[in-house]
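The figures that follow rest on heavy atoms only: side chains count, while hydrogens, waters and symmetry mates do not.
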Amino acid sequence: MGYTWQYYDLVLLGILGSLLAGVVVGRVTPTEPQTTLVGFSALAAVVMAHGLFVNGPVDEPTDLTDEVEALN
């Protein structure tokens, strides 16, 4: 059975990719690395917000009220 990519795998890659892009752009362009890292961090925040609020891990708000069985 092979591994299949899920939505949250792509969210994590999007966060990592945007931060790495900020570092690379800061190194290869005359723009300050701090400026590019802050800008691309904002992009990472948008990706996280989409993963949490737009396409969240639950289907309905009532799913959050389900009781969890004890672990022990």
Side-chain angles (χ1 to χ4, degrees):
M1 174 163 49
Y3 182 78
T4 58
W5 288 90
Q6 301 293 322
Y7 172 74
Y8 290 103
D9 296 328
L10 299 177
V11 168
L12 291 174
L13 285 176
I15 294 166
L16 178 65
S18 65
L19 294 176
L20 289 176
V23 171
V24 169
V25 169
R27 294 277 185 173
V28 299
T29 64
T31 309
E32 295 269 340
Q34 293 86 359
T35 304
T36 59
L37 194 56
V38 168
F40 281 91
S41 294
L43 177 62
V46 169
V47 171
M48 283 190 293
H50 189 275
L52 288 172
F53 302 113
V54 176
N55 193 10
V58 295
D59 295 326
E60 298 288 328
T62 56
D63 292 343
L64 298 172
T65 60
D66 294 339
E67 291 187 23
V68 177
E69 295 180 27
L71 296 176
N72 296 326

- request: Show your reasoning for whether side-chain contact (heavy atoms from CB on, under 4.5 Å) applies to Leu16 and Leu12.
  value: CA-CA 6 Å; Leu16 178 65; Leu12 291 174; over 6 Å; no
Output side-chain donor-acceptor pairs under 3.5 Å for residues 39-49, partner residues at least two apart or in another chain, one line each.
| unit_1 | atom_1 | unit_2 | atom_2 | d |
| --- | --- | --- | --- | --- |
| Ser41 | OG | Leu37 | O | 2.6 |

message: Show the nearest heavy-atom pair for residues Asn55 and Tyr8, with the distance to one decimal.
response: O-OH, 2.6 Å
- line: The reported gap from OG1 in Thr36 to CG in Leu19 (rounded to nearest 0.5 angstrom) is 10.5 Å
